[in-house]
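Numbering of ligands and ligand atoms starts at 1, following listing order. What you see below is based on every heavy atom in this structure, not just the backbone, and it leaves out hydrogens, waters and symmetry mates. Given the structure is predicted, the values throughout are model-derived calculations rather than measurements.
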Amino acid sequence: MSQSIDDLIKAGLVAPERAAELRRVAERFAVAVTDEMAGLIDPADPADPIAAQFLPSGAELRPAADDLSDPIGDDARSPLPGIVHRYPDRVLLKPILVCPVYCRFCFRREQIGRGHGLLPPAALGRAFAYIAEHEEVWEVIVTGGDPFLLSPRRLKALVQRLDAIAHVAVIRFHTRVPVAAPRRVTAALTEALAADKAVYVVVHANHPRELTPAMRDAVGRLTRAGIPVLSQSVLLRGVNDDPSVLEALLRGLVAMRVKPYYLHHPDLAPGTAHFRLDIAAGQRLVAALRGRVSGLCQPTYVLDIPGGFGKVPLCPSAARSDEVHGCWLVTDPAGRQHVYPPPDRDAG
Ligand SMILES: *Cc1c(COP(=O)(O)O)cnc(C)c1O
């Protein structure tokens with residue numbers, strides 16, 4: 001486990017000449033790379049997609065005009081510490097603000113990785129009380145930080161507390177632990193997730209190389225316990241902005257019983273401009289996947305609108321209305337257009 005620039009130099013992951021610059025990066029944004037992720041990096045490849053995600057880079061110190069310190073407007077929607085309530089029927093619960101690895105493109109990079117990171121017990125109690133008082137909350141999304149870094153004892157207490165709130169129907173965890181620290185997905189952790197309510201786990205994975213045998217085993221422990229596992233990925237320039245890379249990632253996930261849920265357009269987090277790509281490029285990638293891989297492999301390509309206006313799908317629409325002829329024009333995966341009729345007004 002590397003948690004400082006000195007650790008990364010000792011592990012042979014960064015060149016000693018870069019120490020001064022990278023120390024400045026590490027002062028601003030937390031750094032951690034697990035041995036599992038370090039083991040996937042080819043230090044000889046300057047464009048290594050795993051290194052790009054986890055190893056700090058001088059590019060993070062370059063401010064871009066579009067950077068936002070609260071990229072998706074969580075602060076304005078946070079009624080109390082540990083809760084974000086943007087949509088009426090679901091809340092985010094953030095019991096912990098540390099992660100096993102610090103992704104260089106993280107949209108919460110200014111909030112995470114400080115201190116031991118646990119939401120203090122009194123604040124956690126107030127967060128549970130908020131959920132219990134808001135009967136419109138149908139789903140609780142436990143995120144962070146990474147909630148799978150909680151001990152099985154704390155995780156079990158959290159699940160049981162939410163399970164006991166009558167109007168909460170679904171408990172959803174978002175985590176990178178099955179990828180970044182797969183051995184932490186123990187039998188005790190899996191048992192801690194047992195509930196009467198539906199419990200879902202969403203794993204974050206961005207490159208097919210992250211789908212290691214150890215990760216597959218970790219996911220298997222969850223799915224064998226009857227927990228549906230979904231995935232989310234972030235579309236990142238230089239990491240996975242290539243149809244064959246996305247194809248291998250999505251096929252690999254589905255083949256281990258993980259249903260791709262979202263492909264996120266990158267957020268405007270500070271010091272992450274080098275990961276951003278144009279929405280048109282993202283739409284071309286998603287369109288290329290459409291004809292190429294099973295429907296089971298298709299995530300929804302989404303943008304979280306800066307400022308807190310919510311997530312919207314960015315998938316290119318295959319259908320457009322032809323006002324002149326009163327019909328629809330539909331484009332197939334090969335790019336050919338077809339006419340689709342409007343409903344017959346005289347029918348029925
Ligand atoms: C992303 C997000 C959710 C969950 O959205 P889904 O579309 O249901 O996955 C909920 N609350 C906030 C504040 C979010 O950012």
Ring-face cation of Arg109 near Phe29 (centre distance under 6.0 Å, axis angle within 45°):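 Ring-cation test returns yes.
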Aromatic plane relationship, His85 with Tyr130 - under 30° parallel, 30 to 60° tilted, over 60° perpendicular: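 If you compare the ring of Tyr130 with that of His85, the planes turn out perpendicular.
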Parallel, tilted or perpendicular: ring planes of Tyr262 versus His264, cut at 30 and 60 degrees: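 Rings of Tyr262 and His264: perpendicular, as their planes differ by over 60°.
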Using a strict cut-off of 4.0 Å, indicate which atoms of ligand 1 neighbour a heavy atom of [X].
| X | value |
| --- | --- |
| Ile141 | 3 (C), 4 (C), 10 (C) |
| Lys311 | 1 (C), 2 (C), 3 (C), 4 (C), 5 (O), 14 (C), 15 (O) |
| Tyr261 | 6 (P), 7 (O), 8 (O), 9 (O) |

Nitrogen or oxygen of Arg90 less than 3.5 angstrom from that of ligand 1: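 Right, the criterion is met.
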Heteroatom distance test (Arg172, ligand 1): nitrogen or oxygen, under 3.5 angstrom: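 Such a contact does occur with ligand 1.
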Side-chain ion pair, Arg23 and Asp6, N-O less than 4.0 Å: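 Yes.
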Within reach of ligand 1, part of Val91 (heavy-atom separation under 4.0 Å):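 Looking at Val91 and ligand 1, no heavy atom falls under 4.0 Å.
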Reference residue Gln53; test side-chain hydrogen bond (donor to acceptor under 3.5 Å, both in side chains); the match among His207, Arg104, Glu210: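 When side-chain hydrogen bond (donor to acceptor under 3.5 Å, both in side chains) is applied between Gln53 and each of His207, Arg104, Glu210, only Glu210 qualifies.
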Heavy atom of Arg77, distance to ligand 1 below 4.0 Å: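 No, Arg77 has no heavy atom closer than 4.0 Å to ligand 1.
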